[in-house]
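For clarity, every value in this text was computed on a predicted model and none was experimentally measured.
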Amino acid sequence: MEQAVSWTAAFYDTSHRAIRRHWEIILFDLAVDAGLPLPLSDTWVHEEFHRAVLQNRGVPSFDEVYRFRFAASSTAVTHVSDDNLVRMKRDHPSDFVRAHEAGIEGEHAMVLRLERQHFFDGATSWNVPLYLLVKVNSIAYIASGSTSEANRLTDQWERDEGTAVSRRDFTGHDFTAWVYDLFRPDEAYTARGMHPSGVGLRRYIRESDLTDAERAYLHRQGRLAMLNLLDPNLVSVSGGRFNAAAAHVLTPFGYTIDLNAFIRPKLFVALHDYVNHERSFPGAEAALEDRIRVALWRQPAHQLFRDRGGRLGGLVSVRMHRQKFFAEVEAKSAGWVEGNVHLDRSITLRIGRAIRVSDAARGRS
């Protein structure tokens, strides 16, 4: 996850600085995301975040971005077996829910990385069209899950894929699947029934498969996602010594509403309100010069939608630089952290070479 965010942020920063003219940057962003989705693009980081969650639980997959399909109506994560999905839902229900929402989690992390580079490192790339493209598209995608459009898309995908299991996306519409499994963590994956072709399991969730409560909850997330537009960076306002932006991000247990504060010279602070079906849980984090990061939180005990109890947790990360190289150690307790693939406790060591001096890209996690 961290590697995907670092490389994608570097791709856009380098490309936008090289292009310079605003209208050309707009055309470039549309071309590499909607025209011909490329590796390292926003579409790529979306799919790679899906794949990272799957791979972390032993589920191999393939990113269709590497097919280089022009003007594709959608991009899938394919070559996932039904048996692996059955096992993952049974053994790791919170990770399974996260796999559905991880795509826009990655996109949000990528935008936040670029905003931090711009504010703290003085990056000169003009990224406003990309920010708008990512945020507006995410809002529209979430909102579409509670409409009949999700049914139309699902019917089309199932017809096109036919009996070829390897061609099927692992989830279909991200957010009908997300809310369905969020509300039903104990339902066996096989309860989805047979695929309409008669071969394999039916993976995709239609809007018509949702209960009234699930549909209403998803509709509410579409509205809450508009909080991501409360961001001065969308109008090229990055502030002098201080800037702040709101955020809404889906999680394995529901969602979080965040307030991100950028304080010069090098302090980033985020306040989190983690919310599941039962209650809210607080969290906070601070990062100094991207070298020391500390986070504390209380989150649902089992990362599930209906957990009543909470569990205290935290994260500590330290990074050291030597010329163009870096080493970083990150340790966390059980809990969800945007851009960290592990919901369990973990210790991660990253060693690598900086992509650029002011944004040392971190190694693979």
Side-chain angles (χ1 to χ4, degrees), residues 30-39 41-55 59-89 96-97 99-104 106-107 133-134 136-181 189-210 214-215 218 222:
L30 290 173
V32 301
D33 282 311
L36 179 63
L38 296 178
S41 69
D42 171 56
T43 301
W44 179 82
V45 81
H46 179 108
E47 306 305 337
E48 289 301 304
F49 261 60
H50 285 311
R51 296 185 65 230
V53 178
L54 295 173
Q55 185 60 48
V59 180
S61 63
F62 178 76
D63 186 345
E64 291 288 324
V65 166
Y66 293 110
R67 301 287 190 194
F68 296 97
R69 290 174 175 163
F70 181 74
S73 59
S74 63
T75 304
V77 170
T78 60
H79 292 76
V80 178
S81 73
D82 287 342
D83 288 344
N84 275 329
L85 294 174
V86 170
R87 174 183 57 81
M88 186 174 176
K89 173 73 187 287
F96 193 73
V97 173
H100 301 314
E101 56 81 1
I104 61 168
E107 294 181 85
L133 179 66
V134 169
V136 172
N137 185 62
S138 294
I139 292 168
Y141 193 9
I142 296 172
S144 71
S146 59
T147 70
S148 59
E149 175 69 6
N151 297 333
R152 185 191 67 78
L153 289 172
T154 298
D155 290 341
Q156 176 186 326
W157 294 331
E158 289 179 338
R159 283 195 307 269
D160 292 345
E161 294 158 359
T163 59
V165 175
S166 64
R167 292 182 57 195
R168 296 173 190 167
D169 186 42
F170 86 99
T171 187
H173 192 293
D174 291 358
F175 305 111
T176 53
W178 173 78
V179 76
Y180 184 91
D181 289 311
Y189 190 78
T190 53
R192 282 165 155 81
M194 292 296 296
H195 188 271
S197 69
V199 177
L201 294 174
R202 175 176 170 259
R203 300 180 179 185
Y204 305 162
I205 302 299
R206 293 169 170 78
E207 176 269 341
S208 56
D209 295 322
L210 303 178
E214 291 163 350
R215 192 178 299 107
L218 184 55

Asks: Does S74 reach the side chain of W157, with side-chain heavy atoms less than 4.5 Å apart?
Replies: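 Side chain of S74 against side chain of W157, heavy atoms only: contact under 4.5 Å found.
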Asks: Between R202 and D82, does at least one N-O distance fall below 4.0 Å, as a salt bridge requires?
Replies: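 No.
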Asks: Using the ring pair (Phe, Tyr, Trp, His ring centres under 6.0 Å) rule, take H173 and Y141 through it: C-alpha gap first, then chi angles, then the decisive distance, then the call.
Replies: CA-CA 9 Å; H173 192 293; Y141 193 9; 4.7 Å; yes
Asks: Evaluate the side-chain proximity of F49 to V53: yes if any heavy-atom separation is below 4.5 Å, no if none is.
Replies: no
Asks: Any idea how Y189 and F96 line up, ring-wise: parallel (<30°), tilted (30 to 60°), or perpendicular (>60°)?
Replies: perpendicular
Asks: Report yes if some heavy atom in the side chain of D169 is under 4.5 Å from a heavy atom in the side chain of H50; otherwise report no.
Replies: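 No - every pair of side-chain heavy atoms lies 4.5 Å or more apart.
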Asks: Tell me, please, which residues at least two apart from T78 pass side chain to side chain donor-acceptor pair (under 3.5 Å).
Replies: E64
Asks: Compare every heavy atom of N151 with every heavy atom of S208, then report the nearest pair and how far apart it is.
Replies: N-OD1, 3.2 Å
Asks: Could you measure the distance from the CG atom of D42 to the OG atom of S138? Nearest 0.5 Å is fine.
Replies: 7.5 Å
Asks: Is any side-chain heavy atom of Y180 less than 4.5 Å from a side-chain heavy atom of L210?
Replies: yes
Asks: Please report the interatomic distance CD(E214) to CD1(I205), rounded to the nearest 0.5 Å.
Replies: 9.0 Å
Asks: Side-chain contact test, heavy atoms from C-beta onward, threshold under 4.5 Å: evaluate it for L38 versus V65 and give yes or no.
Replies: no
Asks: Roughly how far, to the nearest 0.5 Å, is CG of L218 from CH2 of W178?
Replies: 7.0 Å
Asks: Measuring from R152:CZ to E149:CD, what's the distance to the nearest 0.5 Å?
Replies: 4.0 Å
Asks: Going by the rule side chain to side chain donor-acceptor pair (under 3.5 Å), which residues pair with R167 if we only count those two or more places apart in sequence or in a different chain?
Replies: none
Asks: So, for G145 and A150, which heavy atoms are closest and what is the spacing to 0.1 Å?
Replies: O-CB, 4.1 Å
Asks: E207 and T147: side chain to side chain contact (heavy atoms under 4.5 Å, CB included), yes or no, with the steps?
Replies: CA-CA 6 Å; E207 176 269 341; T147 70; 5.7 Å; no
Asks: Grab the two heavy atoms, one from L54 and one from A99, that are nearest each other, plus how far apart they are.
Replies: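 So the minimum-distance heavy-atom pair works out to CD2-CB, 4.1 Å.
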Asks: Passes side chain to side chain contact (heavy atoms under 4.5 Å, CB included), L201 versus L85? Steps please.
Replies: CA-CA 10 Å; L201 294 174; L85 294 174; over 6 Å; no
Asks: For S61 and H79, does a side-chain donor sit closer than 3.5 Å to a side-chain acceptor?
Replies: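 Result is no, nothing qualifies.
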Asks: What are the two closest heavy atoms between S197 and G162, and how far apart are they?
Replies: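 So the minimum-distance heavy-atom pair works out to OG-O, 3.4 Å.
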Asks: Can a salt bridge be assigned to the pair R192 and D181 using a cut-off of 4.0 Å between side-chain N and carboxylate O?
Replies: yes
Asks: Classify the ring geometry of F62 against Y66: parallel below 30°, tilted from 30° to 60°, perpendicular beyond 60°.
Replies: tilted
Asks: List the residues meeting side chain to side chain donor-acceptor pair (under 3.5 Å) with E107, not counting sequence neighbours, and say none if there are none.
Replies: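 Here the qualifying residues are H46.
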Asks: May I ask you to decide if E101's main-chain N or O and D174's side chain share a donor-acceptor pair within less than 3.5 Å?
Replies: no
Asks: Please check if any side-chain donor atom of S81 sits under 3.5 Å from a side-chain acceptor atom of N84, or the reverse.
Replies: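 Yes, N84 and S81 have a side-chain donor paired with an acceptor closer than 3.5 Å.
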Asks: Mind checking whether H100 and F175 have side chains closer than 4.5 Å, heavy atoms only?
Replies: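 H100 does not reach F175 side chain to side chain.
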Asks: Give me the atom names and distance for the closest heavy-atom approach of V77 to E47.
Replies: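 Scanning both residues completely, I find the closest heavy atoms to be CG2-OE1, 3.3 Å.
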Asks: Among R168, E161, H195, which residue meets the side chain to side chain contact (heavy atoms under 4.5 Å, CB included) test with R203?
Replies: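 Filter result, single survivor: R168.
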Asks: Applying side chain to side chain contact (heavy atoms under 4.5 Å, CB included), run through R215 and V179 and close with a yes or a no.
Replies: CA-CA 8 Å; R215 192 178 299 107; V179 76; over 6 Å; no
Asks: What pair of heavy atoms forms the shortest contact from T171 to A177, and how long is it?
Replies: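 Looking at all heavy atoms of both residues, the shortest contact is OG1-CB, 3.1 Å.
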Asks: Kindly determine whether V59 and V80 satisfy side chain to side chain contact (heavy atoms under 4.5 Å, CB included), including the steps that lead there.
Replies: CA-CA 7 Å; V59 180; V80 178; 3.7 Å; yes
Asks: Taking the side chain as C-beta and beyond, is there a heavy-atom pair between R67 and T75 under 4.5 Å?
Replies: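 They are not in side-chain contact.
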Asks: Applying the side chain to side chain donor-acceptor pair (under 3.5 Å) criterion to R206, which one of D155, T154, T176 satisfies it?
Replies: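 When D155, T154, T176 are each tested with R206, the side chain to side chain donor-acceptor pair (under 3.5 Å) holds only for D155.
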